[in-house]
Amino acid sequence: MGYHLRKLAFYLTALWAAVTLNFVIPRLLPGNPVDILMAKLQQRGGSVDPAARQAYETLLGTGGRESFVQEYLAYLGNLLRGELGVSVSAFPAKVTDVIAGSLPWTVVLVGLATLLSFLLGVGLGAVVGWKRGTWLDSLVPATTMLSAVPYFWLALILVAVLASGLGWFPLNGGYDVVLDPGWSPEFLASALYHGTLPALTIVLSSVGGWLLGMRNMMVSAMSEDYVLTARAKGLRGSRVMMRYAARNAVLPSVAGFAISLGFVVSGSIVTEQVFSYPGIGSKLLQAVQNNDYALMQGIFLVITVAVLGANLVVDLLYGLVDARTRDRSTVS
Amino acid sequence: MTRSPKLVTGLALAGVIVLFGLLGPLLTGDPATIRDSGLTPPGGEHLLGTTLTGQDVLAQLAHATRGSLWLGLLVGVLATVLSGVFGIVGAYAGGAVDEVFSLFSNVVLVIPGLPLVIVVAGFVPADQRGTSTIALVLAITGWAAAARVLRAQTLSLRNRDYVAAARVSGEKTWRVIGVEILPNLLPVIASQFVFAVVLAILSEAGLSFLGLGAADSSTLGTMLYYAQNGFALQREAWWWFVPPGLVIAVFGGALSLINFSIDEIVNPALRDRVRRDGDVVASDPAPPEPDAVLTVRNLNVVYRGDTPVHAVKDVSLTLRRGEILGLAGESGCGKTTLAYAVNRLHRPPAEVTSGSVMFGDVDVLALEAEELRRFRWVKLSMVFQGAMNSLNPVTTVRAQLKDVLTTHRPEMSSAQREERCAEVLRLVGVDPARLGAYPHELSGGMRQRVMIAMALLLEPRVMIMDEPTTALDVLVQREILDEIKRLRDELGFAVLFITHDLPLLLELSDRIAVMRDGEVVEHATAEDLYLRPHHPYTRELLASFPSLTGEAGALTR
Amino acid sequence: MFLLKRLCGVTLAVALTAGCAASGGRADDTLVVYTGQAGDYQLNFNPYAPTQIEGPGTIYEPLFFYNIASDGPPKPMLGTAFEWNADGTELSITLRDDATWSDGQKFTSKDVVFTLDMVAKTPAMNRTGFRGTATATDDTHVVVKFPEPSYMDGPQVLGQLWMMPEHIWKNHSSPATEVNENPVGTGPYTLGDFKAQSFTLKANPAYWGGEPAVKQVRYLSLSGNQAGVDALKAGSVDWQTGPIPDIADIEKNYPGYKAITLPLNQVALFTCSNAQLGCQGAQTDPAVRKAIYYGMNRTQINSLAFQNLNTEMSPGFTLLPRDNDLVADGLTDRLAPMSPDVAKADQLLTSAGYVKGGDGIYAKDGTPLALTVKVVAGWTDYITALETLAQQMLRIGVKLTPQQLSWNEWADARGRGQYELLIDSVEQGPAPDPYYTYSYFFSTATTAPVGQTATPNFSRFSNPVVDQALAELKKTDRGDPSRQRHYDAIQVELEKSMPYIPVLTGGVPTEYNARGFTGWPTEDDLYAFPAVWKRPDASQVYVNLKPAGR
Amino acid sequence: MTTLEVRDLTKTFRGFRAVDDVSFTLSPGRTVALVGASGSGKSTIARMIARLVKPTSGEIVLTGPDGTAVPRRRYRDHVQMIFQDPFASLNPFHTVEHHLARPLRLHGKSPAEVPHLLERVTLPPEIARRRPHELSGGQRQRVAIARALAPGAKVIIADEPVSMLDVSIRLGVLKLLARLQREEGLAVLYITHDLATARHFSDEVLVLHQGRIVERGPGDDVLLRPADPYTRLLAAAAPNPETRFRQGGPS
């Protein structure tokens with residue numbers, strides 16, 4: 001089987017697995033969305049009239065259920081049509097609309113912070129590995145310690161000190177709500193300013209992993225013959241470091257980047273919660289708490305597809321950085 | 001084993017926390033006892049103060065630490081078992097099993113874990129929910145990364161000859177895995193286990209923070225959750241909020257330190273190393289002979305360490321213009337160290353302790369870093385043993401050839417560089433069309449030709465060749481040797497040719513130096529050495545090569 | 001740190017307007033409220049949708065405003081007067097003739113008839129179980145006919161149905177799922193701008209009651225109580241309802257802010273009490289329920305779990321102090337005791353056949369008196385209350401184990417009666433009348449056997465005396481003195497069997513910016529229930545507020 | 001005595017014929033040398049005989065001392081292999097004792113024979129307690145030979161057994177193999193790229209080129225008077241100082 005066929009098979013299987021998992025798990029959860037709506041209403045001092053329950057059951061159509069198989073087939077059919085259903089917690093909004101509203105925030109915040117963390121970690125790792133034996137070595141345990149700190153704990157302390165205490169940063173939200181979202185400089189500046197602290201949290205707690213991985217690969221790469229050859233060639237140190245050692249050492253990190261996206265998205269849920277950030281993580285939490293199957297499924301699916309897509313992109317990019325992968329395919 | 005301060009620190013910190021988790025609950029009071037006093041800062045009766053309901057923070061911390069450690073341990077064990085089954089067994093079985101197992105692990109890996117955990121955690125019936133269930137869920141979603149690592153390691157171990165040997169001797173599959181492969185995976189497994197423990201404790205804390213953790217159990221995560229919901233930060237009750245996070249951070253940090261140490265045990269190259277200021281301690285040049293291009297005098301190289309190794313002892317060599325000087329010796333005799341020291345490519349802890357290296361009238365050992373860089377390749381180029389490894393696998397031949405020209409011949413135009421690269425390739429008999437090729441697209445012989453072409457780029461007067469043909473096939477070796485002789489005749493550079501293959505040297509070199517244990521024991525013309533060897537070691541070496549065409553004699557049977 | 005500040009300054013310069021202060025650019029007459037919305041707002045201004053984000057009271061108005069905070073005559077809104085016929089089957093309503101829709105059209109009786117018809121015809125919108133038929137006699141008069149005496153439905157119809165414009169809503173083929181992007185109502189406010197993270201309401205200049213002084217109300221979304229407190233501290237929220245630390249010292253800790261705490265519901269230990277309907281466990285024995293009732297130290301619970309915000313509670317489930325006059329004289333305890341009475345609890349258990357074991361826990365037939373009490377994970381005040389209670393119960397020889405569940409599971413267990421004990425609150429109805437609480441939580445009609453969902457008599461309580469009294473109450477109008485008899489009967493029965501074990505009357509704390517705005521409800525002037533999320537009460541507060549001109 | 005016959009052995013990898021229709025016989029007391037450049041298919045043949053790789057087609061028939069075919073499950077009692085790299089063929093985790101005792105036990109012998117096995121490969125008995133990294137290359141390869149002998153095998157596949165060793169100890173290991181072959185009547189397949197040792201240490205030389213045997217016969221015939229052009233090329237390529245100094249001038 002060719003490389004591309006195998007990759008395709010892998011992604012299709014992963015997609016199918018995700019889609020199926022996505023279908024099964026919410027249906028195994030106890031409870032009923034109507035109860036949740038009722039409970040919510042009650043908490044807000046609303047009426048708990050028995051008639052209300054019937055009204056909601058009618059509204060959400062949660063009466064009789066079809067068989068599991070029928071439901072599954074209907075679900076697959078809907079997916080193919082891009083139909084993710086209607087959100088119960090934001091009824092009657094479509095799941096796609098709910099997701100569309102929050103996805104860009106997560107993509108931008110998590111995407112940029114992760115990329116930043118990756119670049120910073122890999123860059124620092126390369127330097128630390130290259131300059132082994134200097135004070136830079138102490139960066140490794142320091143940053144690793146940071147990645148052992150719980151995300152939200154760090155975030156909350158940052159909020160308490162930098163936002164609440166010193167007032168340097170806004171406490172929460174994705175932008176100053178007085179402004180209209182758009183491409184105006186005010187809005188962008190505000191979004192940037194609001195995103196700084198969440199991004200800082202993500203970067204601080206994830207940079208250590210990249211740094212360590214890169215440093216170790218760098219050390220290994222430096223004992224390779226081609227680095228020795230490059231030095232023997234009288235190339236400048238920076239060139240040997242970048243074009244020879246780092247260029248090779250970065251490959252596992254690039255491959256790992258895609259894999260790490262799953263973890264990153266997970267972390268973002270917590271981060272978004274701490275910063276009241278309007279992203280997809282808080283939506284997922286909301287969906288779970290409200291037994292909003294459709295929204296849960298939609299978000300989980302979007303996250304998975306996004307991670308799979310990112311993996312695919314990285315896989316393709318990887319072929320560009322490392323010519324060997326493309327050709328290895330024909331052999332193995 | 002050398003004592004690593006990292007390991008000691010890591011073990012000590014982790015040990016303290018484990019002890020605290022084990023013994024703390026016995027020494028502190030009941031964490032649930034509610035006191036009307038409410039929130040009080042540290043001091044007096046309550047070393048770490050009390051919570052909003054007057055519960056002792058220290059007692060809670062001890063119980064929570066125990067809970068978190070227990071959870072980490074559970075997840076660590078479960079995830080390690082799962083990753084072992086899918087990683088090791090899959091990789092060993094190979095074929096369809098491996099295909100399915102690795103597909104499965106990869107799928108699990110790319111499906112984002114926490115959202116899945118959040119969804120799955122809600123599914124477990126309430127009365128069964130607790131640390132063990134959360135542990136199970138975390139293990140189920142968290143084993144895949146380790147499985148990948150173990151698979152890769154197993155794949156490489158599986159192809160080791162000792163595994164094949166065990167199979168040939170008739171070992172059963174499970175024994176091959178359990179007795180031959182598993183022990184060698186232990187450091188990796190340990191490192192993955194440690195990683196799983198840290199990840200589990202962190203994930204549980206995250207889940208608890210979202211209110212989705214093992215609510216009825218006491219862990220650091222739930223403690224943080226209560227602190228957060230009791231407005232600990234808003235009340236500035238740091239003694240309630242900070243300690244649980246700190247315990248997690250310190251424990252995670254300690255385990256990371258342990259992991260570093262494991263990595264360093266597996267891969268000694270990663271160990272910390274103290275950088276020395278210089279690679280050269282002494283340089284006392286003596287005037288070179290008139291036609292010598294490279295003169296090595298009384299060179300000594302020592303590997304500094306707990307037990308210093310004197311790798312090169314008082315070696316003196318002279319390479320004359322246009323000659324091929326053979327350096328013969330077996331593994332570990334110091335010949336490669338010598339070759340590196342000549343170009344000052346040796347790295348710490350190796351150090352030139354005395355002697356001199358003169359290139360013409362340039363004292364190589366006295367060159368400043370920048371001078372040394374300009375000296376390299378221009379005057380003296382090198383060809384190493386494994387051409388596959390000497391060429392950068394991720395860039396094209398063109399890039400690696402041009403590199404040299406851009407650095408050392410900045411005045412050349414791009415077209416001129418291209419032309420020069422093509423020219424040297426033609427010189428060594430490689431089609432210039434291959435300039436665009438990546439190293440892996442070339443055969444072994446072709447790669448070594450490219451290396452030689454690279455060495456020729458700047459027309460240096462000296463070329464050091466360290467076992468340039470050892471990894472090659474007999475036929476290819478012959479072609480390369482012929483090529484080297486031809487080029488030397490045409491271009492007139494001198495070659496220091498290093499190999500363990502004495503017959504090859506005898507056929508190729510003008511003069512030969514035989515090295516043993518860091519010393520040159522004999523130094524003579526090829527003919528003298530072959531026909532009239534003086535040193536017993538030389539004689540022994542010569543006798544080690546049965547002649548292809550000569551009589552068999554008593555030597556062999 | 002200076003660098004950061006400078007960066008912020010640069011941002012400011014670039015942005016021209018505020019980019020650095022969260023509350024920057026806020027006008028004095030803008031009121032910022034936080035309703036507890038976690039996560040983004042999803043546009044929905046259909047006041048009949050369960051997921052509506054705003055509308056009742058502010059954009060759409062009921063006919064009358066029923067203030068559940070204090071008993072008094074309903075306040076005329078779009079209606080000016082109403083009257084029941086003698087047997088309570090016909091309700092005549094007189095309407096205001098000076099109200100207009102925010103698009104300029106006049107509000108008439110046709111709109112009222114349209115709205116009532118729409119609700120009656122659309123089960124998905126009919127949360128109040130309205131079954132009447134409405135006819136307009138002229139532009140300002142409507143008569144609603146009911147199939148049976150329906151005094152008790154009055155507050156629902158008059159106070160909980162929001163009048164919708166016929167000329168717009170007649171075009172909506174499925175009104176239940178209409179998200180109503182451009183709401184047109186008669187209320188004091190109209191929709192300003194909408195963003196997922198925040199939206200505003202702006203004052204309606206053509207409002208029949210005059211344009212409100214608060215020109216704009218901004219709704220925020222934050223991640224939860226902690227974020228709310230932080231926002232309050234930073235002064236970026238003017239009004240929120242929810243717990244804050246040290247609420248007693250609010251004026252010191254949050255300069256300019258004040259707090260008010262009002263009872264809204266009653267915290268109780270719900271028990272699955274009715275063995276005949278399938279309940280299992282020791283709590284089906286009234287003696288056990290009463291022992292818990294007497295063994296409880298309510299003072300300690302109030303102080304440790306509820307920041308002393310809760311107040312005393314009557315075992316007859318009248319909401320105090322609002323229903324002070326309705327408390328039955330026949331009750332043993334007018335108020336549930338704040339201090340534990342261990343001797344009484346011991347005596348109750350002993351006479352019920354329980355024997356104290358060596359571990360100090362009572363047991364009967366070898367089964368120790370151990371009960372599990374379910375609570376929603378995350379309801380930390382309840383969790384703390386239960387942990388405190390568990391320790392208190394040990395003193396009377398009852399082992400209580402709190403069990404935390406997700407909301408979903410908890411609600412499921414509660415609905416199906418698959419629990420021994422759980423902690424929750426007993427809710428109030430649309431008017432200041434305990435009738436609603438009794439009919440919801442104590443009527444045989446609203447319960448179901450274990451395994452089926454009860455709506456919402458979760459304790460499975462079934463008592464002919466209570467059922468009879470409720471039936472009688474339904475037939476008499478509010479304000480009729482003959483009703484007290486029935487209230488008394490119910491209260492005595494409730495104290496006797498205690499299907500819901502009274503804990504405390506739950507206080508709802510609200511914090512508001514008293515420096516920026518005047519006119520907030522006070523304990524002396526409770527013109528509306530002052531919770532920011534209580535609708536339509538919040539709109540009453542909005543129109544009463546005046547910017548103080550900071 | 002045990003004889004191993006290889007008939008029409010073929011192995012294809014993804015359509016590429018790595019081993020193409022190879023036949024030969026290993027008989028007691030004789031050494032067959034299989035020579036060829038890297039990639040010629042030598043190791044694949046060795047691995048097929050050692051049952052590490054399944055042949056695509058062809059047969060490997062093992063005839064026991066009683067003249068009947070050896071059943072499959074007893075195959076490994078008779079056929080053992082020595083690997084090229086003694087640094088890789090011994091498990092770094094285990095002692096020499098383990099490496100020898102296991103095959104003894106597996107083939108129904110007593111682990112008490114370990115000292116005797118070591119003696120046969122001229123190693124002192126105390127070496128049993130050591131681990132591979134404490135041994136020299138030569139010692140390791142001797143342990144590897146002892147391991148192959150442990151099951152009592154009479155057919156030994158030696159895949160480049162000395163190419164990874166230092167030159168000065170190669171002959172010693174080869175001589176040990178030759179002695180064992182002579183004294184114990186082993187059938188040896190000696191796989192190598194070194195024509196000189198192939199000539200001196202074998203009774204028959206097979207020249208393998210691109211999976212096929214292009215020439216076969218007694219060593220002197222094949223290597224001194226090669227008939228096949230490829231064999232000739234191979235013979236000419238090997239460094240041979242004699243041509244330079246004994247027969248006048250560099251070639």
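- Considering only heavy-atom pairs separated by less than 4.5 Å from chain B, the leading option among G129(A), G237(A), A14(A) is A14(A).
- With respect to chain A, the highest number of heavy-atom pairs below 4.5 Å among E236(B), R374(B), Q228(B), M382(B) belongs to Q228(B).
- Both the backbone and the side chain of L103(B) have a heavy atom closer than 4.5 Å to some heavy atom of chain A.
- At least one donor-acceptor pair closer than 3.5 Å links the side chain of K233(A) to the backbone N or O of Q400(B).
- Both the backbone and the side chain of Y244(A) come within less than 4.5 Å of a heavy atom in chain B.
- Chain B forms the most heavy-atom pairs under 4.5 Å with one residue out of M218(A), R247(A), E224(A), and that residue is R247(A).
- Proximity to chain A is absent for every atom of V378(B), based on heavy atoms less than 4.5 angstrom apart.
- Between the OH atom of Y340(B) and the CZ atom of R231(A) there is a distance of 9.5 Å, given to the nearest 0.5 Å.
- Of the residues considered (L380(B), V198(B), N259(B), V242(B)), V242(B) shows the highest number of contacts with chain A, using heavy-atom pairs under 4.5 Å.
- Both the backbone and the side chain of I248(B) come within contact range of chain A, each with at least one heavy atom under 4.5 Å from a heavy atom of that chain.
- Residue T396(B): no heavy atom, backbone or side chain, is found under 4.5 Å from chain A.
- For chain B, the nearby part of R239(A) is the side chain; its heavy atoms alone come within less than 4.5 Å.
- Counting heavy-atom pairs closer than 4.5 Å to chain B, the top-ranked of the candidates L154(A), V140(A), L308(A), L156(A) is L156(A).
- By the 6.0 Å contact criterion, CD on E371(B) is enclosed, its count of non-hydrogen atoms from other residues, nucleotides or ligands being greater than 12.
- Between chain B and the options S147(A), A148(A), A232(A), P150(A), heavy-atom pairs under 4.5 Å are most frequent for A232(A).
- Within the 4.5 angstrom heavy-atom criterion, only side-chain atoms of N343(B), from C-beta onward, approach chain A.
- Within the 4.5 angstrom heavy-atom criterion, no atom of I464(B) approaches chain A.
- Closest approach of N248(A) to N392(B), counting heavy atoms only: ND2-OD1, 2.6 Å.
- Looking at L251(A), the atoms closer than 4.5 Å to chain B (heavy atoms on both sides) all sit in the side chain, from C-beta outward.
- Atoms CZ and OG1, on R243(A) and T395(B) in that order, are 6.0 Å from each other to the nearest 0.5 Å.
- To the nearest 0.5 angstrom, T229(A) atom OG1 is 7.0 Å from L391(B) atom CG.
- Taking CG of L228(A) as the reference point, atom OG of S390(B) lies at 7.5 Å (rounded to 0.5 Å).
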Tell me, with the steps shown, if F241(B) and I157(A) meet side chain to side chain contact (heavy atoms under 4.5 Å, CB included). CA-CA 9 Å; F241(B) 188 80; I157(A) 288 186; 3.8 Å; yes

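- Ranked by non-hydrogen atom pairs under 4.5 Å with chain A, the options V394(B), L255(B), T407(B), V383(B) are led by V394(B).
- When the shell of 6.0 Å around OH of Y11(A) is examined, it contains more than 12 heavy atoms from other residues, nucleotides or ligands.
- Shown here is K402(B), whose NZ atom has more than 12 heavy atoms of other residues, nucleotides or ligands within 6.0 Å.
- Proximity of a side-chain donor or acceptor of W153(A) to a complementary backbone N or O of A205(B) within less than 3.5 Å is not detected.
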